[in-house]
Asks: 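Input: one structure, supplied below.
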Amino acid sequence: MEAGPTWEPEAWGSSGGWPAPRGARAGPSLSSVLNELPSAATLRYRGPGVLPWGASGEEEEDGESNVQAMAEAAQKELGEPIPSRELPWPMQARRTHRQSHARDKVAQGSGSRVAQWALWLRRSKEKTQERLHTLQPWAWTLKRIGGQFGAGTESYFSLLRFLLLLNVLASVLKACMTLLPTWLEGTPPGPPGPDTSSPCGFYNPDPQGLVTFPTHLFSLLSGVGFLEWSPLFYGFYPPRQHLAVTYLCSVFVIGLLHLVLILHRSVSGLKQTLLAESGVLTSYSHRVFSAWDFGLRGDVHVRLRHRIILYELQVELEEAVVRRQAAVRTLSQQAKVWSVRVLLNLLVIALLGAAFYGVYWATGATVKLQETPLVQQMPLVKLGVDYLPSIFISGVNFLLPPVFKLIAPLEGYTRSRQIVFILLRTVFLRLASLLVLLFSLWNQITCGGNAEAEECKTCGYKYKELPCWETRLGQEMYKLLIFDLLTGLAVMLLIQFPRKLLCGLCPGPLGRTVGTQEFQVPDEVLGLIYAQTVVWVGSFFCPLLPMLNTVKFLLLFYFKKEVVGGGPASG
């Protein structure tokens with residue numbers, strides 16, 4: 001019996017195509033043959049950001065020519081009147097295509113002028129939607145990220161782009177409804193001077209005398225000094241009637257617009273989520289037949305996708321074993337498991353309580369430490385004291401989630417249930433820390449709710465320590481955003497980027513061990529949600545916070561894109 005053709009040992013991903021058999025006869029090129037496959041047609045349907053099979057590394061560099069070629073191919077394929085059942089599209093897209101062509105035939109055959117106008121309007125609408133789709137920011141970049149690192153990493157950058165859109169809209173509305181009316185109604189008055197009739201409200205944050213550059217820098221980081229009486233904070237805006245109405249309306253309009261956009265984005269994927277959770281498609285068949293991403297290119301990313309699918313199948317088998325073991329447990333074994341779970345949950349509650357008490361203590365200690373002579377004489381120490389609540393909140397958010405990951409496997413749950421508990425505890429920690437910070441600030445401002453206290457008896461709040469308590473709340477949210485940005489940039493520039501360089505300079509085992517890093521999508525997504533929550537909480541007392549968050553997300557997008565490009569990602 002004749003031996004079959006032998007194959008080259010070289011991996012197909014490294015050369016950009018499948019390995020060819022030795023001694024193959026002359027004929028059509030491998031790229032042209034592979035481009036006729038349904039999978040290649042699927043890539044064309046997915047958009048111009050994904051290259052066809054057989055594309056080499058040199059072709060990838062010419063991004064504009066690839067976009068143009070794939071766009072022309074997709075337009076040619078969509079324009080051909082081929083049957084809907086032969087298109088490599090989802091069922092919903094095929095149904096829409098069939099109905100559209102049916103309406104076109106009816107309109108062309110009727111000869112009615114109204115039908116012709118309706119057909120022209122519909123085609124114009126479709127062309128406009130296609131052009132608007134091409135104008136989406138970073139569309140090509142997201143396609144490349146999804147094609148190289150999978151849909152999980154692409155979803156993170158898609159969420160980042162969506163949150164950036166929310167902050168841009170909020171910034172525009174704040175500028176139009178708050179800043180412009182403030183300046184159009186006249187020059188805003190300065191800080192209120194001393195008034196003998198009312199001792200409350202005297203406020204002069206402007207520094208006196210010569211101000212050095214380090215003082216300006218520390219004021220920029222902490223929101224005091226020249227920034228304290230600026231459009232950045234609530235106290236700057238004068239108490240005018242029309243301005244108060246527009247100020248409140250801007251808050252309600254932004255909140256309503258964000259709610260509508262978030263609901264629209266959530267509902268768009270609800271059908272697929274319900275189908276995946278309904279049990280109609282079993283998890284095994286879904287991963288075997290639908291888990292592969294045809295946009296992946298390169299040997300490293302293909303092997304990583306293999307490992308991800310293998311890991312998911314292993315998790316499914318482990319969960320089946322855990323469920324079988326839970327079904328045959330005796331009463332004593334069940335009591336033991338529940339005792340362990342109760343003890344571990346008590347430990348989690350104790351850790352959360354300690355974290356929240358630490359945030360409360362740090363907020364209260366900040367005011368006391370700022371009054372000490374040592375802190376007043378050392379600007380750098382004073383800056384550290386100002387950032388004490390932000391440092392404590394960031395430290396808690398950094399240290400406790402790994403502890404939750406260590407505790408979750410000891411509770412005896414399945415792997416998916418462990419992930420749910422880890423995410424719930426982490427989200428509760430991040431959001432509840434903000435609530436504890438706000439509660440501790442309210443406790444300081446109102447003397448613990450005791451209006452009869454000596455410090456709050458005259459004005460109802462501590463007017464001597466906090467003459468403008470609204471600005472103080474805005475400053476805390478401002479410092480949280482600035483500190484989160486600085487820590488994120490420091491981690492990327494001092495840890496992640498050097499690891500990327502080490503992975504590129506040392507391709508051996510040392511580089512793979514030290515340099516290769518996985519992009520943890522759940523942790524990164526939680527970081528985005530936390531940052532946006534800070535903006536939502538503090539935008540009333542710091543109106544320009546969405547604008548600052550827009551700049552932060554822009555920096556985050558480009559830095560994360562460079563960091564992700566250095567190694568595999570975990571989707």
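Not measured: the values here are computed from a predicted model.
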Asks: Is any side-chain heavy atom of S266 closer than 4.5 Å to a side-chain heavy atom of I262?
Replies: yes
Asks: Decide if atom CH2 of W442 counts as having more than 12 heavy atoms of other residues, nucleotides or ligands within a radius under 6.0 Å.
Replies: yes
Asks: Return the orientation label for the H258 and W536 ring planes: parallel under 30°, perpendicular over 60°, tilted otherwise.
Replies: tilted
Asks: Looking only at atom types and distance, does a side-chain atom of K479 sit under 3.5 Å from a main-chain N or O of D386, one as donor and one as acceptor?
Replies: yes
Asks: Tell me yes or no: between the side chains of N443 and Y360, is some donor less than 3.5 Å from an acceptor?
Replies: yes
Asks: Evaluate the side-chain contact (heavy atoms from CB on, under 4.5 Å) criterion for residues I407 and I422: first the C-alpha distance (whole Å), next the side-chain angles of each, then the deciding distance (0.1 Å), finally the verdict.
Replies: CA-CA 9 Å; I407 292 176; I422 292 171; over 6 Å; no
Asks: Taking all non-hydrogen atoms of both residues, which atom of P522 and which atom of L423 are closest, and how far apart?
Replies: CB-CD2, 4.2 Å
Asks: Sub-3.5 Å donor-acceptor pair from the side chain of Q333 to the main-chain atoms of T330, do we have one?
Replies: yes
Asks: Checking side-chain contact (heavy atoms from CB on, under 4.5 Å) for the pair K552/D484: CA distance, chi angles, key distance, verdict?
Replies: CA-CA 9 Å; K552 173 187 173 181; D484 189 46; 2.6 Å; yes
Asks: From T414 OG1 over to E318 CD, what is the distance, rounded to the nearest 0.5 angstrom?
Replies: 10.5 Å
Asks: Minimum heavy-atom separation for A432 to F356, with atom names?
Replies: CB-CZ, 3.3 Å
Asks: Please answer whether the main-chain N or O of E154 pairs with a side-chain N or O of S158 as donor and acceptor at a distance below 3.5 Å.
Replies: no
Asks: Measure the shortest side-chain to side-chain distance between L429 and Y530 over non-hydrogen atoms and say whether it is less than 4.5 angstrom.
Replies: no
Asks: Have Q532 and N167 got a donor and an acceptor in their side chains that come within less than 3.5 Å?
Replies: yes
Asks: Quick one: does L548's side chain get under 4.5 Å of L485's, heavy atoms only?
Replies: no
Asks: Checking S433 against N397 for the side-chain contact (heavy atoms from CB on, under 4.5 Å) test, could you report, in this order, the C-alpha distance in whole Å, the side-chain angles of both residues, the deciding distance, and whether it holds?
Replies: CA-CA 9 Å; S433 299; N397 292 335; 4.2 Å; yes
Asks: If you measure from CG on L374 to CG on L369, what distance do you get to the nearest 0.5 Å?
Replies: 10.0 Å
Asks: Could you grab the distance from atom CZ of F421 to atom CD of E411, nearest 0.5 Å is fine?
Replies: 6.0 Å
Asks: Which heavy-atom pair separates R430 from G527 by the least distance, and what is that distance?
Replies: NH1-CA, 4.3 Å
Asks: Apply the test side-chain contact (heavy atoms from CB on, under 4.5 Å) to residues C542 and L232: give CA-CA distance (whole Å), side-chain angles for both, the deciding distance (0.1 Å), then the verdict.
Replies: CA-CA 6 Å; C542 185; L232 186 61; 3.8 Å; yes
Asks: Taking the side chain as C-beta and beyond, is there a heavy-atom pair between F540 and L248 under 4.5 Å?
Replies: yes
Asks: What are the two closest non-hydrogen atoms of L437 and L480, and how far apart are they?
Replies: CD2-CD1, 3.7 Å
Asks: Given 3.5 Å as the limit, does a donor-acceptor pair link the side chain of E470 with the main chain of Y234, or not?
Replies: no
Asks: For the backbone of I391 and the side chain of S394, can you confirm whether one donor and one acceptor N or O come within less than 3.5 Å of each other?
Replies: no
Asks: With side chains defined as the heavy atoms from C-beta onward, is the minimum distance between T471 and F541 less than 4.5 Å?
Replies: no
Asks: Using a 4.5 Å cut-off on heavy atoms from C-beta on, say whether the side chain of D523 contacts that of P401.
Replies: no
Asks: Check whether any side-chain heavy atom of Y156 lies under 4.5 Å from a side-chain heavy atom of L528, and answer yes or no.
Replies: yes
Asks: With distance as the sole test, does R329 use its side chain to make a donor-acceptor pair with the main-chain N or O of Q334 at under 3.5 Å?
Replies: no
Asks: Parallel, tilted or perpendicular: which fits the ring planes of F483 and Y387, with parallel below 30° and perpendicular above 60°?
Replies: tilted
Asks: Please give me the minimum heavy-atom distance between V322 and G412, naming the atom from each residue.
Replies: CG1-O, 4.0 Å
Asks: Kindly check if the number of other-residue, nucleotide or ligand heavy atoms within 6.0 Å of CZ (F162) is above 12?
Replies: yes
Asks: With a 4.5 Å heavy-atom cut-off, do R425 and L352 have their side chains touching?
Replies: no
Asks: State the CG-CG distance between L164 and N549, to the nearest 0.5 angstrom.
Replies: 9.0 Å
Asks: Can you measure from CZ (F157) to CZ (R161) and round to the nearest 0.5 angstrom?
Replies: 12.0 Å
Asks: Measure the spacing between CG of L344 and CZ of R341 and express it to the nearest 0.5 Å.
Replies: 10.0 Å
Asks: State, to 0.1 Å, how close L556 and M492 come at their nearest heavy-atom pair, and which atoms those are.
Replies: CD1-CE, 3.8 Å
